[in-house]
Every structure is written in structure tokens, then in C-alpha cells.
Visitor: 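Sending over a structure as C-alpha cells; questions will come in a sec.
Note on naming: letters A, B, ... go to the chains in the order of the sequence lines (proteins, then strands), and numbering restarts at 1 for each one.
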Amino acid sequence: MKIERELLKEKLAEMKKAGFDYLEKITAVDYSDHLDVIYLLENIEDGKEEIVEVTMPADDAWVPSVMKLFLAADWYEREMSEMFGINIVGRNAERLLLEKWDGKQPPLRKSFQWGMPYEEGAK
Amino acid sequence: MTNNLQIPFGMGLNVTSYINSPNPVYSVGGIIAFAIIVAIIISIFGYIFGWLERKMIAKVQHRHGPTYVGKFGILQNFADLVKLLAKEDIIPDSAERTLYIIGLPLLVSVSIFLVLLLPFAPSLQATNFAFGILIIFVILSFTPILLFITAFSTSNKFADISAQRSVLILLSYELPMILAVAAVGIAAHGYNIASIISAQSNGIFAIFMPLGLAVLFITMLAELERPPFDLREADSELIAGWLTDMSAPYYALSLFLDYSRMLLGSLLITILFFGGWEGPLLPPIVWLLAKASVISIFIIIIRATTVRMRIDSILKFGWKWLLPLSLINLVIAYIIFA
Amino acid sequence: MAVTRINIGPVHPSTHGVLRLVADIDGDTVVDVQPHIGFLHRGVEKLVETRMFMQNPPYMEKLDYVSPMSYDEVYVAAVEAAMGVEVKERAQYIRVILLELQRIASHLLWIGTMCNDIGQMFTAFMWGFQDRDMVLNLLEEAAGGRMFYVNMRIGGMVRDLPPDFADHALGLMDYMEKRVKEYERYLERNPVFMERMKGVGVLSYDDAKNLGVTGPVLRASGVNFDARKNKAYYVYQKLHFSTQVQMAGDNLARYKVRMMEIRESIRLVREAIKALPDGDALGMPVKLILPAAKNRISIVSRELPRGECIMYLVADAQKPYRLSIRSPSFINLAALNFLAKGQRTADMFGIMGTLDLVMGCVDK
């Protein structure tokens, strides 16, 4: 289901109460003009899966943190913010998950330029 | 004068009587000869058990162990020693230089000194103190402190943790160990090593006091820091424990320390519970070393099979099981022998 | 006592690769431990976007070098789902057999490394590696490689099983059953081992779900979830096996779940070999792969030895537009801080051992 990011936290809290209390993955897809953030939720007792999608413009990328609802979101959110440059609102800015990564250019965005540092070094 | 000259030829190979002879020249000569003989015994024992340990653990693990250098890989440890000694000795800037350099050699010399206090045969012993066995255990319980100082001198955090653990284990095993020795003292009516051995001529103490043997064996494993009590060198946690910042020559020295201490521990158990050099046909020193070797092999097999204990469970085990058992053993010894 | 901060890794005997831990230790108790990952990061998710569908399985295999074929299979299944291709029945059985063999191999290696972590002198490690080697011999017969296989194609396999594979596999399963018993006798009768495992690193049912841990770690906390059963794929529905669940949630429970899973896998291999149907098992040749629909999303979930792996694939004709991998080790490592807090330093490594981490799988 697709929802607005402002309503995300309430929606996920609602779903957690309804039994979807296992967060499998938070991931994002860059469609050049817009970004999708995807929450995969699972009801472990029934084996039902629910996909929550949040769409946002590529130049205004932020989602609220759902770490208070699911502890599993901690590392997924950090990974996503590093890889896609999506700001996670509502949690402390922590150190980057990956060691020795400057995090300036989000690598999984389609606008990522390959081999930038080396080309610059060659000039 | 003539008397003094005649004694040595009459004594033949009896080192003890050389040492006890009133002539200081013979006495000093005897002590030097004893020290050389013991040094040879320690080196050969350490070398053979260093090789045997690798071979035996390899057998347990369905491997071959060293095979390449020499027959059955017997020279492999020698090759390793050459390699270790040839490496550069790097002392970290943050280390306490003096202690770093003297710490490990001091530990090795203390353990060799302890072996020198032991008798190897009636004709091969340097000292004959009335409380000989107690002196050895007193000095033995001093070694973790030396180790603590050596570990702290490297100013490495893993070494610090290792040193703290080493001293913590001391708290749990020292008391049961001394109590197990005390039971032997009651049984032998004294702490003289030779009299402890001769008291066992009618039956070894292992038969009368199996509890005491168990307690002494376990506490000796802890004293030698062999698995399952090898928290000092817990390689999967502390990398190499107190040796983390030591370079290769010191590592070679620490291996020598380990095996000389293993010989010491095996000899102590042999003397206290298995009748020392008592035995038919073969000469006393062969009996003593054969018995000690069997105990060392047991120590090695334990290393191949068990996992490492945790520091709190060692403390719990020491106070909950070993201490009561050693007290019960003391009572049994009193009932049987007093 | 003052809190000491120690740095463990990235090169350390029991971090299973290049993991760096920064641990705050009070005396001998862990106050806080922060894993620093990324030393093995190869950017696979970006890399696959530049390559055709069937150029990618080798990359997938390098993610988890302990059970490469399982990862290969998840990816191929995701591509199959994107194209709407059905896998041939004989190929389904062959995949089940090989994947279960891979699970046995992975768990055998785990026994060894875990025992090393709690301080064994390499004995279980050597035994585990030797037994794993025999499984690898079988996989070599079937796929041609020992470490990396790449023997999945869209809709089937690269090659059928060799003629005498069934006999060899059944013979090995008999041997393996004996060995599992021996491991259990060897480990569980050792009081020191039980002391190190029992009641250490307890993860409750609610915490396990909240932390999102997966695989044997989740099942050891009493959560009855196994993707092979709950999200049934291939012929797992037709085969008889049970989800292994333990209620205790400690190290021992995680150990028991994995030991029982080896048994279940042995059972599955035997049953699948008996039920193996005749017919064709070969997949599409690589050059004849049909283009997938643009922006078609496929979500595939598989139970790997380390836990549930989910691949979220957005297809773009002949290439993945985006491939998102939910790797089981990644989320299990995220639970380390929660599990190790308040435990002894030595137990921190024991807990890490029972999480069964592979750094290639964590870093991606």
C-alpha cells in the first residue's frame, strides 16, 4: 500500500498492533525523478506479508524514523540514509554504518558518477 | 686431607653426596653438575613435549601434525625456535622498558629455580629442607604476581585484562591447592619431599586420597593455565593475552616457560600422589620422569578436548566445589593416617 | 571500576573476517559494544545494476562464501519471478537437494568456528571442516566447483545430476547422521561446554521479533518461522520436515536449533532423492533469456542457512534496475549490542559465534 510519509508512523504503529510486528527490511529505490522507500512487514504467526511504500521527490528526501516501533529499523535506516542520501527525521545523527566512507555522494542513487575520485586524481 | 680426596671416587655418580660433602669445591661442583643435569632434563622434556603436544592434538583432530622437518617432524620445533629467535625484537614505545625486558626471563628463571628445588632421585637432589614442598608452593603462588607485572609493562589493554584474570584465578585455586598439599603432609607426617616419597612405599597416596589428587590436578591445571583454565592466553578473545605486544623471541621464551612449568606441575603431582621415584627394577629417575610424562600427556589430552571456562565460573567452581572437597580430603587423610 | 574501551579487530581470531568491534568493558563485563562494518563492502547492489541478469550469479555467490549456492539460488529465483518463468519439476528437486547439502556444509563449519570462539583448541573446527569437505565433494560432483558453483539457470539447472550422485549422497547422509550424533556426544557431555552455552545471551520472544533477527537465532527464541514452511517454495510443501523451535533463546538453544536442522536436512535430502522425478532439468541458455517487463517488481524470500534472505528486484529489460538484498547476517549482527550488554567479555565472543556471522553477507 502507498501512504504519505507524514502518516507513516501512525500507519506502522497501527499495523504493529494488528499483528504485523516483524520488520523484515527497509529499502529504497531511486526512479531518477522520485524515490520510493519500502517497508516490508511480516505477520509471523500467519505468514502474511505487507508492503508499505512511501514516495517522495528526489531532491527532498526524508522519512520519519520508525526505530521506536521496531528496533530492527536501526541499522536499515542508517544503511538507507548512507546509500540513498535520505534523511531520517526523528533520531540522533549517528556515525556512519560503513567504515571509511565519507558519505558525501550517495552511491545507490542513479546520479552517482562512477570512478569520480580517480578521474579527479588524474586531472 | 686424604679423607676429603677419597670421598668423591667412592661416591661414583651420586650427586647428592657431592653437594653434601664438607669440601666446598666438591659441594659447588656438585651443585653446578646438578644444575646442568636438570637444565638438560628440562630442555629435553620441554622439547619432546612441545613436539608430542602438536602430534597428539593433531591425532585427536584427524590431522598429521608436523611431518616435514626431520623424522616424524621431530625437528619442526627446533626450526620454529630458530625462526622465532631470528625475528626482530620490537619493544613498543608505550611499554615500561626495563620490566618488559626482564619480566619474562625472570619468570622463566623462577620456574627453573623451582624445578631445581625438587629431587629427581635419592642420588640426584640439591636441597633437603624440612618444609621443602611448602617452600615450592609458596614461590609458585608468587609467579602470577610476576606475570601481572610483566603484562602491565607492555601497556596493552588485552594484556591488562589478561593479567587481571590471571590474578583473579589465583583467588579461586590457591586455597584448595594448599589444603590438598596439607593433606599429604598429614599423611606423610612432614613436608620433607624425600620423606613424602618414602611414606608412599607401602601404597601411593592416590589410592588413599583420590579426592586430594583430583583437587590438586585441577588446581594444577589452573596454576599452569592450561585449558580449560587458559584464560590468560585466551586466543579467541584476547588475541594472545599477556603476550599480545611481545615480539617473537619473547614468545619462544614463553613457550619454554609453559613447558618447564608443565614439567614442574607433573613432577609435583608425581611426588605428592604417585610415590615419586618409587618403583621396581628401573632406576629411580626413570620412574619419576615416566610418571610425570603420563601426567603431562593427560594435561595435553585435556587441552585437545575441552572448551575454555569463564572467569566467574572458575571462581564459583573453586569456592563451591574444590574448597569443600579439599576439606573433606583433609578429614579423610586425618582419619586414615593420624 | 573505570570503563575501558578496547578495540577488537578488524583482524582478530574470532571476528570471522573483517569486523571491528569497539567494546566498553567494565572489569570483565561488557557495557556497550558497537560493531563497525564495511571492511568487506564491495557495493554488490550497485554492481549488479550494470550487468545483465545472468552475469550476476558469481557476484551473488561471493556474498556468502560459506553457503554460496544458497545466495545464487535466491537471486536466480528473483529473476525467474520477474520474468514469470516456472522452474521445471526435476530442477526443483535438484535445487532442494543441493540447497540442503549446502545447509549441512554451512552448519558444520559453524560448529567448528563457534567452538573456537568459546575457546576450544580447534578440535571441533577440524572435524567440522573435514565433514564439510565430504559435502563439498558431493557438490563438486553435481556442480563442478568446490567453493563457487554458478550452476543455476533461469528455469532450471546448468547440468543434470551425474548418474551415481544419488548413491553417493545417500551414503554420505548415513555417515553424516553418525557424525551429528558424535558431535552431540562430544559437546553436550562436556560440562564446561554446557556451562558456557546455557543461559548465556538470552533473547526473549518479543525482543527477537522486535530486533528483527532471523533464521536459527529467531527460532531459538521460540518464534515458529521458517521460510521453507511459512512461505513455501519449490517442492518443500510435498516433503516432510519440521521447523526446529527452541524456547530458551540462549546460546544452547541456538546450538540445538542448528544441530536439529542438520538432521532435518539429512531427512530432506534422502526424501528428495527418493522422490526425484525423471525428465528435463536444464534451464534456459544464457543467451536466449527473454527480457523481463520494465519496472516489474519481484520479492523473493528464501531460508538460507543463516536466516531468511529477501531479494527485492526491480527489473529493467535485461538488467536489474535495483536489487535490494536483505542479508540475514546483517540484521543478526545488529542484535549483538543488545545481546552482549551486561555479559562477560568471554561470552560476547560466544554470542557472536552463535549468531553465525559471515562478513561478506553483512557488508554486501
Visitor: At a heavy-atom distance under 4.5 Å, which candidate from A:Leu69, A:Leu23, A:Asp21, A:Leu40 has the highest pair count against chain C?
Guide: A:Asp21
Visitor: I want to check something: taking the side chain as every heavy atom from C-beta on, are A:Tyr31 and C:Arg322 in contact at a cut-off of under 4.5 Å?
Guide: no
Visitor: Side chains of C:Phe225 and A:Glu45, heavy atoms from C-beta outward: is any pair under 4.5 Å?
Guide: no
Visitor: Taking everything shown except A:Glu6 itself, do over 12 heavy atoms lie less than 6.0 Å from its CD?
Guide: yes
Visitor: Could you grab the distance from atom CD of C:Glu49 to atom NZ of A:Lys110, nearest 0.5 Å is fine?
Guide: 3.5 Å
Visitor: Does any heavy atom of chain A fall under 4.5 Å from the side chain of C:Lys209, the backbone, both, or neither of them?
Guide: both
Visitor: Side chain of A:Tyr22, backbone of C:Leu211: donor and acceptor closer than 3.5 Å?
Guide: no
Visitor: Heavy-atom pairs under 4.5 Å with chain A: which of C:Ala334, C:Ala227, C:Pro10 has the most?
Guide: C:Ala334
Visitor: Which bit of C:Ser301 comes within less than 4.5 Å of chain A, counting heavy atoms only: side chain, backbone, both or neither?
Guide: neither
Visitor: Looking at A:Glu42, A:Lys16, A:Glu49, which one has more heavy-atom pairs under 4.5 Å with chain C than the rest?
Guide: A:Glu42
Visitor: Atom OG of C:Ser324 and atom CD1 of A:Ile38: how far apart are they, to the nearest 0.5 Å?
Guide: 7.5 Å
Visitor: Measuring only between side-chain heavy atoms, which start at C-beta, is C:Glu45 closer than 4.5 Å to A:Met83?
Guide: no
Visitor: Under 4.5 Å from any heavy atom of chain C, what part of A:Ala73 do you find: side chain, backbone, both or neither?
Guide: neither
Visitor: For the backbone of C:Ile331 and the side chain of A:Tyr76, can you confirm whether one donor and one acceptor N or O come within less than 3.5 Å of each other?
Guide: no
Visitor: Which of the residues C:Asp363, C:Val213, C:Asn230, C:Asn224 is involved in the greatest number of heavy-atom pairs with chain A at under 4.5 angstrom?
Guide: C:Val213
Visitor: Counting only N and O atoms by type, is there a donor-acceptor contact under 3.5 Å from the side chain of C:Lys46 to the main-chain atoms of A:Arg109?
Guide: yes
Visitor: Give, for atom CG of A:Asp36 and atom CD1 of C:Ile297, the distance between the pair rounded to the nearest 0.5 Å.
Guide: 7.0 Å
Visitor: Might you confirm whether atom CZ of C:Arg42 has over 12 heavy atoms from other residues, nucleotides or ligands at distances under 6.0 Å?
Guide: yes
Visitor: Check whether any side-chain N or O of A:Lys25 sits under 3.5 Å from a backbone N or O of C:Cys309 as a donor-acceptor pair, and report yes or no.
Guide: no
Visitor: What I want to check is whether the side chains of A:Thr27 and C:Arg326 have a donor and an acceptor closer together than 3.5 Å.
Guide: no
Visitor: Given a strict heavy-atom distance threshold of 4.5 Å, which part of C:Ile325 is in contact with chain A: side chain, backbone, both, or neither?
Guide: backbone
Visitor: For a quick test of reading the model, state the closest non-hydrogen atom pair linking C:Tyr321 to A:Asp30 and the distance between them.
Guide: OH-O, 2.8 Å
